[in-house]
Amino acid sequence: MSNQAPNEARVIPLRPPAARPPAAHAPITPVAPPAPPAAAPPDRAAREPLWRDLVGDVLRRERLAQERTLKDVADAARISMPYLSEVERGRKEASSEVLAAAAHALGLGLGDLLSLAQGELVRLAGRQVPGISRAGRARTGSSYDGMCLAA
C-alpha cells in the first residue's frame, strides 16, 4: 500500500522536467480542463485528398453527366440509394464489389472508375513527393506508371 494521504495523487509528468516543473505530490482538485483553442479547419488544398472522396466525385460527376438520378443508378447497381449517396459524398469507404456495381450501372468498368479517380488524384496532389519525379515515376528509372491498390 502507499503511504500517501487519500486526497493526494502522485503526478507523473508527460513532458521532460525542463519543459514542466516537477510536482512530486499534487492535491487532487476537481477542475474542468481548459477548453482547447478554436482552431481553424485545415486548408483542404493543403491536405492530400482521400481516395473515397475522389471515387465519390467521379461517380457523381459521371451520373450527372448522364443526367441520371441517384435512385436510377442505385437500382441498376442493386445497392441502396442512401448508401450510394454516402459513397458519392465520400462518407463511406465502399468495397470493390460496390464500386464495380456502381461503375457498371454507369456503363463503366471498375478499371475505368479507378483510372478516372487516379487522374483526379494526380491533378489534385500536384505537389512534389520525395523520391518521385514530376513525371510520377520513381527516380530509379522505372517505366511503370500505374496504380496499385492493396487491401
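A distance of 10.5 Å separates CG in Leu84 from CZ in Arg89, rounded to the nearest 0.5 Å. To the nearest 0.5 angstrom, Glu86 atom CD is 5.5 Å from Lys92 atom NZ. Here the CE-OG1 distance, from Met81 to Thr69, works out to 8.0 Å after rounding to the nearest 0.5 Å. We find the OH-CZ distance between Tyr83 and Arg91 to be 14.0 Å, quoted to the nearest 0.5 Å. Interatomic distance, Ser85 OG to Leu59 CG, rounded to the nearest 0.5 Å: 11.5 Å. Note that CG of Asp57 and CG of Leu121 are 12.0 Å apart. Values are rounded to the nearest 0.5 Å.
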>> Show, in sequence, the C-alpha distance, side-chain angles and deciding distance for Leu70 and Glu88, and conclude whether the side-chain contact (heavy atoms from CB on, under 4.5 Å) test is met.
In response: CA-CA 10 Å; Leu70 195 62; Glu88 281 189 356; 3.6 Å; yes

Identify all side-chain donor-acceptor contacts of residues 97-114 below 3.5 Å with residues at least two apart in sequence or on another chain.
unit_1: Glu97; atom_1: OE1; unit_2: Ser95; atom_2: OG; d: 3.3
unit_1: Asp112; atom_1: OD2; unit_2: Gly109; atom_2: N; d: 2.9

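A 4.5 Å side-chain heavy-atom check between Leu124 and Leu54 finds at least one atom pair inside the cut-off. Contact of the Glu62 side chain with the Arg68 side chain is not registered, since no non-hydrogen atoms from C-beta on lie closer than 4.5 Å.
Scanning all heavy atoms of the two residues, the minimum distance from Val55 to Ala117 falls at CG2-CB, 3.9 Å.
By the salt bridge (Lys or Arg N to Asp or Glu O under 4.0 Å) test, Lys71 is found to be paired with Asp75, residues two or more places apart in sequence or in another chain being considered.
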